[in-house]
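See structure below.
What you see below is based on every heavy atom in this structure, not just the backbone, and it leaves out hydrogens, waters and symmetry mates.
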Amino acid sequence: MAVCSTTTLSIGGSVFSGQLRHWEPNESKLFQKPRSRFRCLCLNDLHLLRFRTKTLNFNPRGSLLPSLYAYGKEADDAFLSKVNEDTDEMFDDLMKKYGEVVFRKNDRKSPSAELDDDAESLSFAVEMAKVASDVKAADIRVLFVKPLVYWTRFFIIATAFSRPQIDAIGSRIRDLAEKKYGKVPSGDAKPNSWTLLDFGDVVVHIFLPQQRAFYNLEEFYGNATLIELPSETQPPFHT
Amino acid sequence: MGCAIVVHVYGGTPTEATPQELICIRVIGASNCRYTYIGDVIIAVIKEAVPNIPLEISEMIRAIIVRTRKELKHDNRMIIQHDDNATVIIDQEGNPKGTRIFGANAPKLRQLNFTKIVSLALE
């Protein structure tokens, strides 16, 4: 007989609160094959990251030990029938029905602090764009991609016409970032047809014209907000 | 550490217009390494290919492993496991050969300086 209780489940130190119940092997005939893993949802900024973790509760002889599964607060037998459907739909239904946050990171900032961080990153991005413009990079675009991706705030996309020019733009950007802001980028150290400098909140992409047309990041991030730069940082596009 | 992808084992590629099945031959940066994990660059040979792509069967390529069935343990003690083994084909400079990347990618790729793959990923 299943017993419902509110408890917490710790997976590798992460704590998930919710309703857990013990699943007995002879309780439900709906399972053809018991699931060996379940997903937990994490809220990271505006994006949901789904992780698949492993439960290791199987007896080596093949019979099943009682396994723990997380359900909603009003779990019932009718809901059990949905477990055989796609787990994506199951979790979508759960989120729509309850709208609860299963896990929240403790380092979440207040909206005003987020805005301050965005403003700081924006000023950094605009300054890097100006440096690229000084080295005669073409078609410089600054995109606000924070609503689209969780791992950065701004993209700077620029075109250079030769590998020495890419090297010059990259080294000028690195020098200024290190001297003025104390930031050291990760990414490409050697000049490349697509050179990427990752400053964390700001990612700089420097392309040769063929690579820019090939990868077409502006179309991929078409829903991102284009930041208007001061007019002197936007030289006419060389065709 | 257990094995993730054993050399000479099949894996797939999740980028657009790329082969379906590869076999790993060698791991770059390690001599006689038997196992590979997420973020390793490998030499692979194409075993099965979809039609109308610029790559052919039996062609030797470089690829980066982006997903493994073997669980990956993070420093924050979270364990992530995928349903398949998957790679992204790259050229000699390290740039992806495809223009878009499908499927989930581990956050570890950004830490290993593969931000280009993360930039092109849909998820």
For Ala125(A), side chain to side chain contact (heavy atoms under 4.5 Å, CB included) partners two or more places apart: Val142(A), Phe154(A), Ile156(A), Val202(A)
Spacing of CZ belonging to Arg110(B) relative to OG belonging to Ser186(A), to within rounding of 0.5 Å: 7.0 Å
Spatial distance of atom OG (Ser193(A)) from atom CG (Asp91(B)) [nearest 0.5 Å]: 6.5 Å
Engaged part of Leu112(B) at the chain A interface, taking heavy atoms whose separation is under 4.5 Å: neither
Quick one: does any side-chain atom of [X] pair with a main-chain N or O of [Y] as donor and acceptor, under 3.5 Å?
| X | Y | answer |
| --- | --- | --- |
| Tyr215(A) | Leu120(B) | no |
| Asp198(A) | Thr115(B) | no |
| Lys116(B) | Trp194(A) | yes |

Within-4.5 Å side-chain heavy-atom neighbours: Ser119(B) and Phe155(A): yes
Min side-chain heavy-atom separation Asn95(B)-Asn192(A) under 4.5 Å: yes
Contact origin within Asp188(A) toward chain B - heavy atom pairs under 4.5 Å: side chain
Chain B-proximal positions within residues 217-226 of chain A [heavy-atom distance under 4.5 Å]: Leu217(A), Phe220(A), Tyr221(A)
Greater than 12 external heavy atoms within 6.0 Å of Glu59(B)'s CD: yes
